[in-house]
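Let me begin by presenting the structure, written as structure tokens, before commenting on it.
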Amino acid sequence: MYRHLLTALSAILLPITANSVHSEGTNSGQFSHSSINTTQWLAAHAKANSWIAGMTVTEKAFIVTGTFSGTCIEDIAPIESIGFPGICLQDGPAGIRLADLASVFPAGVTTAATWDKELMYQRGSAMASEFRAKGAHVLLGPTGGALGRSPWGGRNWEGFSPDPYLTGIAMDYTIRAIQDMGVQATAKHLIGNEQETMRKPTIVNGKMVDAVSSNIDDRTLHELYLWPFADAIHAGVASVMCGYNRVNGSYSCENAHLMNKILKDELGFQGYVVSDFLATPPGIEPIKAGLDMNQPGPASLLPLIDSYWGKQLVAAVGNGTLAEARLDDMVRRVLTPYLYLGQDNDYPPIDPSSGPLLYNSFGYPIPNGFTPAGRDVRGNHSILIRNIAAAGTVLLKNENSILPLNQSLTNIGVFGNDAADPTIGLLYPETSGAEIGTIIVGGGSGGGRPSYIVSPLDAVKAYAQEIGARVQYVTNNTAIVTGRLTGLYPWPEICLMFLKSWVSEGVDRTTLIPDDDSTNAVNRVASLCPGKTVVITHSGGPYIMPWATNPNVSAIIAAHYPGQESGNSIIDILTGKVNPSGKLPYSIAAEEEDYNTPIVNITGSEAENSSAWQSDFTEGLFIDYRHFDQKAITPLYEFGFGLSYTTFDLASDLTISSPKSKIPSRPPATNVTLALGGNPNLWKTLLECSVEVSNTGHLVGATVVQLYISLPQDNVPAGTPVRVLRGFEKVDLAPGETRQVSFALTRRDLSYWDVVAQEWKIPSGEITISAGFSSRDRRVSSTVSLV
């Protein structure tokens, strides 16, 4: 965590012009097509101005500078003169991390696998209620970067999907839910934070070396990595977090092009940009580039960064190197969301257990044995956690309908390191996980501290007791591989094999094969349980399955990172209490070599050279399924794929309601002064599509109808994907039921980014729109010309 204390000073800055020093400007305009209530926002803005008018320069400087209080992961100190009690910022995107008696929710990738907008909203709302009850003003999430460019990325699981549209929808619904609860959301990490290897300035062989630079062209940035952040801003997100990495040579938190030109000018962002923990380069250049809050700021336990901000800003204003108007802008951006969300009015106090847990997380002893009980904020969230985890579980294979489990079973076998309770406590070591024990969430700041875990083994035992069956188990892969299975008698009628892939902040994956000699373990169990082996994986993203085509492996389930109700959610799927409806939010390749975006990792003496650490995004827009389509590679399981215990079909052609006359290829100019998410015309619906979907099977179930568009290849720039996701709806249907599903396509959905005009553009020619059940299972299509 503290490797960034000696931040490299040699980052190559993007040019900073007078115009790029972002000032507040007018705030009398209107917000358009967003979740912000204009009247309330302007009232909060006016109150912030009245507070600023009564503040000294010193007070202003410390309202934008973190102050370590020993209670929250990051803090802004109180300003008594204006009655401001301070701000508590807490990790993370899967629940409040440093807390006692709080919930650990399903990870972002699990939530994306539900393809369920309502569950996305409910998850955000439930998490925010726990943050609020613990006294945290800011939830440091959701995560839109890492987007998931590389399947080896260590933090992909914190986000949602490598598809920007799916991630953007998840960001939108999560942010609206969080802020509807009166808690500030933080969209992170801006931008190109796509690998953990060398993500920070690091001492290599005694030499300080700059962080890796994500080198992204303008079109790729807009259509892939910025897309979810535009959704976040359009949803009214209070803050955006810049990252540790460099982007096109400049550190993210010192990148004027990203923060001023794109975020604040092009996208109209009105909240504050906050640094990742210790991600702020020294001096006031980050402020000129658009950074509004430095965390954790000067702190007594971090003396090496005592010169960062705080009292140094007072001196900078005094000597004229920092305009007080810019400092006022920073303070205004911090205070306005705080006041808009009503956090100045009877907000709950900070939970007393937060302090000792914070010290403990840093490896410090708890002060004087201080261990107050945590405030129990969990409510009935276990029900929602169980539902989301089940809905985000993807059935990939089900030969001979081996699932759901037959209730006449008398002997069930459970195998694998992932089946049982963790053997080293509930809070896993951040970089290694637990050798024995189920994985419910990844490691690092996006993880969680559960108050309990329902393991798969415990859930299977409880189910077996209900149906009068026995359970036999071996939860050590080494014992399985070496054949130490002689204690099992008689051999189980069905074998449930649980595998895991541990992923954590700070470390990228070195292999996409699940952990603990999983391939040999699966093959051993499958050889002894022919045709009756079910493999269940807990993973933070794509993985390779060398055993997928083993004829003795009859079913495969991707259960992702399910949160604390892990066992209950998987038994709901295995028994058919819940019909599987999850769909893959990524592609699963047959071989690791089929992916095209390896992690940049330099070894030897060359690793000491800052200029060597370059991650060139030369694949452009072709990541995940877009890459597989471009190269005509057949994935093992494609993006959007997922089976059910029933069957579905599209019962009608795709109908399109389009404008009666041609429309301009570029969005009309707007007179809206403040438009969250950019030109409001980009967010207006241009097309409405509909199709009927039917349950053709014999069980109640849900499916996800997916909409893809293909721009006319002859009229778009080179490097345009064959097709991209632009809509999805989850539908519950009874057997024989048919329902119409409708989609609204905006101007942005139907455009590409024109790098010359610096604008979104709809191409001339026929746009193909198709609907189906995965990226490669498109059942109906139609065409439309708009310009």
Side-chain angles (χ1 to χ4, degrees), residues 109 146-157 159 161-163 192 194-199 212 214-216 220 224-225 394 396-397 499-504 507-523 526 535 537-551 553 556 558 560 584-604 606-607 612-641 719 721-724 774-777:
V109 68
L147 181 68
R149 170 185 181 249
S150 172
W152 290 273
R155 296 186 81 173
N156 296 353
W157 59 273
S161 166
D163 181 82
E194 298 295 322
Q195 68 174 62
E196 296 302 284
T197 304
M198 206 62 184
R199 65 173 179 157
V212 67
S214 297
N215 302 320
I216 314 171
T220 298
L224 270 185
Y225 302 100
V394 184
L396 297 174
K397 183 178 181 181
L499 307 181
K500 63 186 176 184
S501 295
W502 172 250
V503 188
S504 175
V507 182
D508 290 311
R509 300 169 72 179
T510 57
T511 177
L512 299 184
I513 296 176
D515 300 341
D516 306 315
D517 201 7
S518 59
T519 298
N520 286 327
V522 170
N523 289 337
V535 178
T537 66
H538 287 126
S539 173
Y543 49 93
I544 301 301
M545 299 182 289
W547 32 263
T549 56
N550 184 330
V553 174
I556 302 172
H560 298 109
L584 288 177
Y586 49 75
S587 302
I588 297 178
E591 305 287 345
E592 290 197 36
E593 293 75 17
D594 289 344
Y595 293 108
N596 63 327
T597 48
I599 298 295
V600 172
N601 190 12
I602 302 170
T603 58
E606 186 67 10
W613 287 98
Q614 307 293 324
S615 180
D616 298 324
F617 290 35
T618 54
E619 74 284 349
L621 301 174
F622 296 111
I623 65 172
D624 201 74
Y625 70 92
R626 302 161 177 232
H627 158 67
F628 286 88
D629 289 344
Q630 180 207 22
K631 297 297 185 182
I633 299 172
T634 301
L636 184 62
Y637 297 110
E638 73 269 19
F639 175 83
F641 176 80
V722 175
R723 67 186 59 85
V724 293
S774 78
S775 65
R776 297 204 168 188
D777 181 13

Closest approach of S775 and R723, non-hydrogen atoms and distance?
O-CD, 3.9 Å
F639 to P585 - nearest heavy-atom pair and separation
CE1-O, 3.4 Å
Using the test side-chain hydrogen bond (donor to acceptor under 3.5 Å, both in side chains), find all partners of T220 that sit at least two apart in sequence or belong to another chain.
D217
Check the pair K397, M545 against side-chain contact (heavy atoms from CB on, under 4.5 Å), reporting the backbone distance first and the verdict last.
CA-CA 12 Å; K397 183 178 181 181; M545 299 182 289; over 6 Å; no
P598 meets the side chain to side chain contact (heavy atoms under 4.5 Å, CB included) criterion, sequence neighbours left out, with none
Going by the rule salt bridge (charged side-chain N to carboxylate O under 4.0 Å, His left out), which residues pair with E591 if we only count those two or more places apart in sequence or in a different chain?
none
Go through the structure and list residues passing side-chain hydrogen bond (donor to acceptor under 3.5 Å, both in side chains) with N550, not counting sequence neighbours.
N523
Between N215 and Q614, does any side-chain donor sit less than 3.5 Å from a side-chain acceptor?
yes
Taking W613 for the side chain and A607 for the main chain, is one N or O donor matched with an acceptor at less than 3.5 Å?
yes
If you look at every heavy atom in S587 and P542, which pair is closest and at what distance?
O-CB, 3.7 Å
Which residues pass the side chain to side chain contact (heavy atoms under 4.5 Å, CB included) test with D517, not counting sequence neighbours?
V481, N520
Taking H627 for the side chain and D594 for the main chain, is one N or O donor matched with an acceptor at less than 3.5 Å?
yes
So how far is it from L636 CG to I556 CD1, rounded to the nearest 0.5 Å?
7.0 Å
Pairwise distance CD1(I513) to OG(S539) - rounded to 0.5 angstrom
12.0 Å
Check salt bridge (charged side-chain N to carboxylate O under 4.0 Å, His left out) between R509 and all other residues, then give those that pass, not counting sequence neighbours.
none
Among residues at least two apart in sequence or on other chains, which ones pass side-chain hydrogen bond (donor to acceptor under 3.5 Å, both in side chains) with T511?
E592
Is there a side-chain contact between Y543 and L499 in this structure, where contact means two heavy atoms from C-beta onward sitting under 4.5 Å apart?
no
Residues V109 and G540: closest non-hydrogen pair is CG1-O, 4.1 Å
Between the side chain of D508 and the main-chain N/O of T197, is any donor-acceptor distance below 3.5 Å?
yes
Taking the six-membered ring for Trp and the single ring otherwise, decide whether the centroids of F641 and Y586 are under 6.0 Å apart.
no
So which of Y637, F622, Y595 actually passes ring pair (Phe, Tyr, Trp, His ring centres under 6.0 Å) with F628?
Y595
Give me the atom names and distance for the closest heavy-atom approach of L621 to P721.
CD1-CD, 3.7 Å
Among residues two or more places apart or on two chains, list those pairs meeting salt bridge (charged side-chain N to carboxylate O under 4.0 Å, His left out) that have a residue in residues 632-641.
none
Among all residues two or more places apart in sequence or in another chain, which pass the salt bridge (charged side-chain N to carboxylate O under 4.0 Å, His left out) test with D777?
R779
List the atom of A558, the atom of L396, and the distance in Å for their closest heavy-atom pair.
CB-CD1, 4.2 Å
Identify, with sequence neighbours excluded, every residue that meets side chain to side chain contact (heavy atoms under 4.5 Å, CB included) alongside A146.
N156, E194
Could you walk me through whether D516 and K500 satisfy the side-chain contact (heavy atoms from CB on, under 4.5 Å) test, starting with their C-alpha distance in whole Å, then the side-chain angles of each, then the deciding distance to 0.1 Å, before giving a yes or no?
CA-CA 8 Å; D516 306 315; K500 63 186 176 184; 3.5 Å; yes
Does some side-chain heavy atom of T510 sit less than 4.5 Å from a side-chain heavy atom of W152?
no
Residues in side-chain hydrogen bond (donor to acceptor under 3.5 Å, both in side chains) with Y625, at least two apart?
D163
Partner set under side chain to side chain contact (heavy atoms under 4.5 Å, CB included) for E619, not counting sequence neighbours:
R149, Y225, N596, T597, F617, I623
Within a strict 4.5 Å, meaning less than it, do heavy atoms of the W502 and V507 side chains meet?
no
